[in-house]
Amino acid sequence: MKRLPADQLLAWFAHARRDLPWRQQRTPWRVWVAEIMLQQTTALVASKRFPEFMQRFATPRALAGAEESAALAAWAGLGYYRRVRSLQQAARVVVRDHAGSVPRNEQILRGLPGIGDYTAAAIVALAFNQPAAVIDANVARVMARWLGHESPVNSQAFRSAAREVLLHSVPAAQARNFSEALIELGALLCRAAAADCAACPLARSCVAHSTQSVERFPHPAPRKLSTAVDSLRLLVRRGRRVVMVQRPADAALLPGFWELPGAWLPRGSATDAAMLRTLLAPIGLKAAGEGRVLRQVSHSITTHRLRCRLVEVDARGRLRSAALVDPTAPQRNLTTESAKLLRVGAI
DNA sequence: AAATCGTGGGA
DNA sequence: TTCCCAAGATT
């Protein structure tokens with residue numbers, strides 16, 4: 001079987017390696033948290049948030065013992081909040097079943113909430129220097145090109161081919177550097193849009209490069225289309241505070257988060273007095289007048305593109321199922337959409 | 001197993 | 001502005 005040129009890869013990594021926060025004081029817990037934070041999140045964003053999160057939750061035990069709202073607050077703005085909820089659940093399992101230390105076994109790790117094939121392999125390799133098939137989007141792209149594999153990167157055929165080559169190529173004592181080097185190679189050289197083959201230590205043996213077809217691999221995934229939505233958010237003042245409501249605990253989207261009262265509406269919906277009445281009635285309020293638009297921001301949530309308008313409304317009534325919050329110092333976990341509407345300048 | 005979950009940043 | 005991407009997991 002073809003084998004990746006590990007020595008050349010490691011030599012390249014030795015000088016190209018970026019100095020990222022999670023590569024300092026490497027411990028299993030720091031590796032784990034970093035891998036979760038980096039899921040679908042750029043290294044630039046994660047590097048700004050990682051140090052503070054680790055300071056706040058320095059051990060699995062620290063996170064396990066915290067309130068969920070504190071964990072969410074430390075994750076605010078990173079998105080995919082299920083990640084931190086799962087991480088906290090997993091930390092509790094580790095405290096309960098593993099005396100608070102991160103398991104070294106890939107299968108045990110794989111069974112913890114929020115840890116899939118990639119993250120289990122990454123922890124084993126990067127934290128414990130054990131050989132594993134660490135295949136993230138970067139490595140998948142590198143391997144698809146290097147092998148010239150025609151199958152989609154999420155196919156079983158490609159995955160098993162890549163896994164076999166990786167496990168056959170990884171130097172037993174260099175699992176950490178080898179695995180991290182391939183990720184780094186994908187991030188720095190073998191990028192999706194533009195590959196820098198001239199600098200690549202794998203180019204000599206790369207099928208895509210030798211056939212001048214790097215841009216053909218991997219085959220692009222079909223585009224998911226997004227929906228345009230108008231989000232109407234109401235600003236109802238009570239002195240210095242404003243009315244906020246909490247999303248249901250079983251909501252598919254952002255469960256348990258607080259936000260300004262309002263709704264998502266089909267793009268172009270009328271925002272007349274009747275609409276205000278409909279939105280305010282559930283929280284016991286009755287609008288006086290039509291309200292006025294204070295500002296508009298754009299935001300997107302997975303497949304939805306939101307145009308968010310903040311409408312100030314005078315309303316009376318006895319508040320139900322809602323809370324009064326100081327918008328300059330919100331104590332609760334807000335949706336980013338509402339936070340954006342309140343953040344832009346003073347209201 | 002295709003659809004869904006958030007967000008910031010760069011092109 | 002708009003589009004696309006970024007160290008995936010879950011159902």
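The sequence lines fix the lettering, A, B, ..., with proteins before strands; numbering per chain opens at 1.
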May I ask you to say what A:Leu254 touches in the nucleic acid, namely base, sugar-phosphate or nothing, with a heavy-atom cut-off under 4.0 Å?
sugar-phosphate
Distance below 4.0 Å between A:Tyr81 side-chain N/O and B:dT7 OP1 or OP2:
yes
Taking the side chain of A:Val45 as heavy atoms from C-beta outward, which of B:dT7, B:dG9, C:dA7 is closest to it?
B:dG9
Whole-Å P distance, C:dA7 and B:dT4:
23 Å
Tell me: CG of A:Leu38 to C1' of B:dG6, nearest whole Å?
15 Å
Taking the six-membered ring for Trp, are A:Phe53 and A:Phe57 parallel (under 30°), tilted (30 to 60°) or perpendicular (over 60°)?
tilted
Roughly how far apart, to the nearest Å, are C:dA9 and B:dG8 at atom P?
22 Å
Would you kindly check whether a donor in the side chain of A:Arg83 faces an acceptor in the base of C:dA9, or vice versa, at under 3.5 angstrom?
no
Is the phosphate of C:dA7, meaning OP1 or OP2, less than 4.0 Å from a side-chain N or O of A:Gln39?
no
On the ring face of A:Trp22, is A:Arg30 found with NZ or CZ under 6.0 Å from the centre and within 45° of the axis?
no
Length of the line joining A:Arg49:CZ and B:dG9:P, which is rounded to integer Å
10 Å
5'-most by nearest nucleotide on DNA chain C - A:Ile115 or A:Leu20:
A:Leu20
May I ask you to check whether A:Arg233 and A:Ser231 show a side-chain donor-acceptor distance below 3.5 Å?
yes
For atom CG of A:Leu109 and atom P of C:dG8, their distance in whole Å:
17 Å
Of A:Asn154 and A:Arg82, whose nearest nucleotide on DNA chain B comes first from the 5' end?
A:Asn154
Sugar-phosphate only, base, or nothing, as touched by A:Ala137 at under 4.0 Å among non-hydrogen atoms
sugar-phosphate
Just call it for A:Thr119: base, sugar-phosphate, or nothing, with non-hydrogen atoms closer than 4.0 Å on any strand.
sugar-phosphate
Can you check the A:Leu78 CG to B:dG6 P distance for me, whole Å?
12 Å
With a 4.5 Å heavy-atom cut-off, do A:Val245 and A:Glu259 have their side chains touching?
yes
Write down the distance between NE2 (A:His299) and C1' (B:dG8), rounded to a whole number of angstrom.
10 Å
Check the phosphate of B:dG9 against A:Lys48, side-chain N and O only, distance under 4.0 Å to OP1 or OP2. Yes or no?
yes
In this structure, how many angstroms lie between the P atom of C:dT2 and the CZ atom of A:Arg307, rounded?
9 Å
Reckon A:Ala46 touches a base, only the sugar-phosphate, or nothing at all at heavy-atom distances under 4.0 Å?
nothing
Please state whether the phosphate of B:dT7, meaning OP1 or OP2, lies under 4.0 angstrom from any side-chain nitrogen or oxygen of A:Thr336.
yes
Heavy atoms only, 4.0 Å cut-off, all strands: where does A:Thr41 land among base, sugar-phosphate and nothing?
base
For A:Leu253, which contact category applies under a 4.0 Å heavy-atom criterion: base, sugar-phosphate, or nothing?
sugar-phosphate
Separation of A:Leu234 CG from A:Leu341 CG (nearest 0.5 Å):
10.5 Å
How close or far is atom C1' of B:dC5 from atom CG of A:Leu306, stated in whole angstroms?
14 Å
Give one of base, sugar-phosphate or nothing for A:Ala192, where a contact means two heavy atoms less than 4.0 Å apart.
sugar-phosphate
Shortest non-hydrogen separation from A:Pro131 to A:Ala175 and the atoms involved
N-CB, 3.5 Å
Which is true for A:Trp75 with a 4.0 Å heavy-atom rule: it touches a base, it touches only sugar-phosphate, or it touches nothing?
nothing
Whole-Å distance separating the CG atom of A:Leu334 from the C1' atom of B:dT7
15 Å
Is A:Arg23 touching bases, backbone alone, or none of the nucleic acid, heavy atoms closer than 4.0 Å?
base
On the nucleotide C:dA6, are OP1 or OP2 found under 4.0 Å from the side-chain N or O atoms that A:Thr42 carries?
no
Nearest to the side chain of A:Asn138, which nucleotide is it out of B:dG9, C:dA7, C:dC3?
C:dA7
If hydrophobic clusters are built by linking Ile, Leu, Val, Met, Phe, Trp and Tyr wherever their side-chain heavy atoms come under 4.5 Å apart, do A:Val93 and A:Val102 end up in the same one?
yes
